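These notes concern the structure reproduced below.
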Amino acid sequence: MGAGGGFHAYCFGQVTDGAGAFPEPGQDVQPRGGREGLEGGGDIGGPDRVVIFATSGALEAVATARTGDSVRGLLDLAPTTATRLLPGGGEESIVAETLKVGDAILVRPGERVGADGRVLEGASDVDQATIIGEPLPVAKQAGDEVFAGTVNGTGALRVRVERDPSDSVIARIVKMVEEASETKAPTQLFIEKIEQRYSIAMVIATLAVFGIPLAFGDTLSSALLRAMTFMIVASPCAVVLSTMPPLLSAIANASRHGVLAKSAVVMERLVQVDAVALDKTGTLTEGMPRVTAVRSLPGSGLGEDEVLVLAAAAEHSSEHPLARAVVDAARERRLPLPEARDFTSTPGRGVSATVTGQAIQVGSPAGLPSTTGPLSDAVAELEEAGQTAAVVLRDGRPVGVIGIADRLRPDAAATVAALTELTSRTPVLLTGDNERAARHLAGQVGITDIRAGLLPEDKVAAVRAWGAEGRNVLVVGDGVNDAPALAAAHTGIAMGKAGSDLALETADAVVVRDELITIPAIVELSRRARRLVIQNLVIAGTFITVLVAWDLIATLPLPLGVAGHEGSTVIVGLNGLRLLRESAWINPIRRGAA
């Protein structure tokens, strides 16, 4: 029997070993010889434990494989072919990977951009959600930068390639996720770090308790009985069970409230969190633009609903996210939309259509010759509030302004306050959005440290800089662009409803129902679990110390030793299960209200 095998065989059904009940991704979970072998009475302790290992190992293997698939699938965002423009005026379709710096390519409406570069000619709206995480397409014209894998809108673009395809932003995201996943230090549960040494020490001590009295003339039966009693009362069963029941109970309780932690190790890592970085779009906000304000201009003779009806009718045929927000707002108010004819869309400017015989235009204030007076005031007011302003014109004259913004989650401010209280630091905002929008939202939730206009590698650099300062950073995000930071962070949590596959697979935990307030709740739950682990270790250590001392100093009856050993195991097990109670989950909002 390998070292410690007797103790673990006695602790029938325990759920941890030196390899960890929840192996790290990529860790070998196959049966091994020696102390951890499945044969010869090794360190397993019963068929129930074999099932636990097989199940957890299989789940970890599946999770690891899915993460790898998601990373490789990210490469599918970049097109396999591109249209290269020839010096003589022709064009040819080539494999995108063969593009070189300096090549000119044509990106037609609806196509994905073939390489990172800069616009030479044309204007269009480009969906860059995969890169910067923002849901609204960005207007592009000559001189603007575009990224491989982003989706072109309704205009055609001529782009000069400025980066080799192997060095594109998408390719760098893949590399960063893979590198961060490989270099992230493997962790073990606290008790696993001492379990093997303790077991070996107990084997040696048991042999000494048997051999020393026998050498000094004690009878064989007396020495054997004392050694057997010592082996039982010194067995680490209660110590081992001090850790897993609280952590597994915490995982079960969190899952009931919509947070899926992927392992017991994640719960231990959450305990150590002392800094938080939050993404903006899709995390603090809902990730979908909505109409937040409708302003009718003086002298237009129209009410707010009438302005919205004209705008929604003109936008009805458009696929732009802002257009959908306007149409949805009209439908929510149950406003009937008249038929629109002669619809046209101009990239970067807006749309126009004929509605009830009137020429209606809806577009950006930047596309107007001038914005003065009430129109200028209305646009400035909305933009100061962090909203996107869309001007509505009737027969060439402005009649109203519509404000559109990504709506803040209702529990965002309470979440930031609760995380600030738990970590003694205000969370940091990491976003690819512009500085003005980021600062406006940060002011609403109480965040003062804002990092805006970030690419994925910028987020990773910020997380690693904090890690170098000794901070254990929790990153919360939802998009492809957040995945590298989630992988590089001490702990990563992904928003589950609209989260990308890569973010969900990379994160250590997932908020299934997108309830932000559950994030500080699970951090606090993990800390309660750690306190119960410490309580259990004190209880188990006290029992072992008293019973061992009794056996060595006096004569501890074997039945009493068994009762004490089993009693301590039951006590720590039941104590750990306290976190299964509904009252163990503390909602910071309800606690603040109380």
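Just so it is clear, the structure is predicted and the values come from calculations on it, not from any experiment. No hydrogens, no waters, no symmetry mates; every other heavy atom, side chains included, goes into these values. When a residue number appears, it is its place in the shown sequence, counting from 1.
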*Could you walk me through whether Val276 and Arg425 pass side-chain contact (heavy atoms from CB on, under 4.5 Å), step by step?*
CA-CA 8 Å; Val276 180; Arg425 284 190 180 99; over 6 Å; no
*Between Ile493 and Ile519, does a side-chain contact (heavy atoms from CB on, under 4.5 Å) hold up when you go through it step by step?*
CA-CA 8 Å; Ile493 296 181; Ile519 295 173; 4.1 Å; yes
*Test log, rule side-chain contact (heavy atoms from CB on, under 4.5 Å), inputs Ile251 and Met267*: CA-CA 7 Å; Ile251 290 174; Met267 298 303 295; 3.5 Å; yes
*asked:* Quick one, Val476 with Asp279, criterion side-chain contact (heavy atoms from CB on, under 4.5 Å). Give me CA distance, side-chain angles, the key distance, then yes/no.
replied: CA-CA 6 Å; Val476 185; Asp279 174 48; over 6 Å; no
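No more than 12 heavy atoms of other residues, nucleotides or ligands shown are found within 6.0 angstrom of CD on Glu384. Within 6.0 Å of the CD atom in Glu111, the count of heavy atoms belonging to other residues, nucleotides or ligands exceeds 12.
Considering all non-hydrogen atoms of both residues, Pro79 and Arg112 come closest at CG-O, 3.7 Å. Leu579 and Ala584 make their closest contact through O-CB, 3.7 Å (heavy atoms, listed as atom of the first residue, atom of the second, distance). Heavy-atom minimum distance, Ala438 versus Ala452: CB-CB, 3.9 Å. Among all heavy-atom pairs drawn from Ala148 and Ser168, the shortest one is CB-CB, 4.1 Å. Counting all heavy atoms, side chain and backbone alike, Thr426 lies closest to Thr448 at CG2-N, 4.3 Å. Shown here for Leu504 and Ala494, the closest heavy-atom pair between the two residues is CD2-CB, 3.9 Å.
Residues Ser166 and Asp164 form a side-chain contact, since some pair of their non-hydrogen atoms from C-beta on lies under 4.5 Å apart. Side-chain atoms of Leu284 and Leu429, non-hydrogen and from C-beta on, do get closer than 4.5 Å to each other. Two residues are said to be in side-chain contact when any heavy atoms from C-beta on lie closer than 4.5 Å; Val511 and Arg513 fail this criterion. Side-chain contact check for Lys140 versus Ser124: every heavy-atom pair is 4.5 Å or farther apart. A 4.5 Å side-chain heavy-atom check between Phe147 and Val126 finds every atom pair outside the cut-off. Residues Val146 and Val119 meet the side-chain proximity criterion, which asks for heavy atoms closer than 4.5 Å. Between Arg527 and Gln272, every side-chain heavy-atom pair lies at or beyond the 4.5 Å cut-off. Between Val512 and Val259, the closest side-chain pair of non-hydrogen atoms is not below 4.5 Å.
Classification of Arg528 and Glu524 as a salt-bridged pair fails, no side-chain N sitting under 4.0 Å from a carboxylate O. Under a 4.0 Å N-O distance rule, the pair Lys497/Asp514 does not qualify as a salt bridge. Between Arg451 and Glu435, none of the side-chain N atoms (NZ, or NE/NH1/NH2) sits under 4.0 Å from a carboxylate O, so this pair counts as no salt bridge. In this structure, Glu286 does not pair ionically with Arg409, as no charged nitrogen and carboxylate oxygen lie closer than 4.0 Å. A salt bridge does not link Lys262 with Asp508: every distance from a Lys NZ or Arg NE/NH1/NH2 to an Asp or Glu carboxylate oxygen is 4.0 Å or more. In this structure, Asp482 pairs ionically with Lys459, as a charged nitrogen and a carboxylate oxygen lie closer than 4.0 Å.
With sequence neighbours left out, the side-chain hydrogen bond (donor to acceptor under 3.5 Å, both in side chains) criterion links Glu582 to His257.
Judged by distance alone, the side chains of Thr423 and Asp274 never bring a donor and an acceptor atom under 3.5 Å apart. Between the side chains of Thr292 and Gln387, at least one donor-acceptor pair of N or O atoms lies under 3.5 Å.
Remark: the backbone N or O of Ala437 is paired with a side-chain donor or acceptor of Asn434 at under 3.5 angstrom. Side-chain N or O atoms of Thr415 include one that pairs as donor or acceptor with a backbone N or O of Ile517 at under 3.5 Å. At least one donor-acceptor pair under 3.5 Å links the side chain of Asn152 to the backbone N or O of Gly155. In terms of modelled atom types and a separation under 3.5 Å, the side chain of Asn253 and the main chain of Arg581 share a donor-acceptor contact. In this structure a side-chain-to-backbone donor-acceptor pair under 3.5 Å is missing from Arg531 to Ser526.
Tested against Leu532 for a side chain to side chain contact (heavy atoms under 4.5 Å, CB included), the candidates Pro245, Ser249, Pro246, Ser242 yield a single pass: Pro246.
Note: Asp406 CG to Asp433 CG = 8.5 Å, rounded to the nearest 0.5 Å. Taking OG1 of Thr431 as the reference point, atom CG of Asp458 lies at 11.5 Å (rounded to 0.5 Å). Taking CD from Gln444 and OG1 from Thr285, the interatomic distance works out to 10.5 Å, rounded to the nearest 0.5 Å. Residue Leu278 holds its CG atom at 8.0 Å from CG of Leu430, rounded to the nearest 0.5 Å. Atom NE2 of His490 sits about 15.5 Å away from atom CH2 of Trp466, to the nearest 0.5 Å. Distance check: Arg436 CZ to Ile450 CD1 gives 14.5 Å after rounding to the nearest 0.5 Å.
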For a quick test of your reading: what N or O donor-acceptor pairs under 3.5 Å do the side chains of residues 322-331 make, sequence neighbours left out?
residue, atom, partner, partner atom, Å
Arg324, NH1, Glu319, O, 2.4
Arg331, NH2, His316, NE2, 3.4

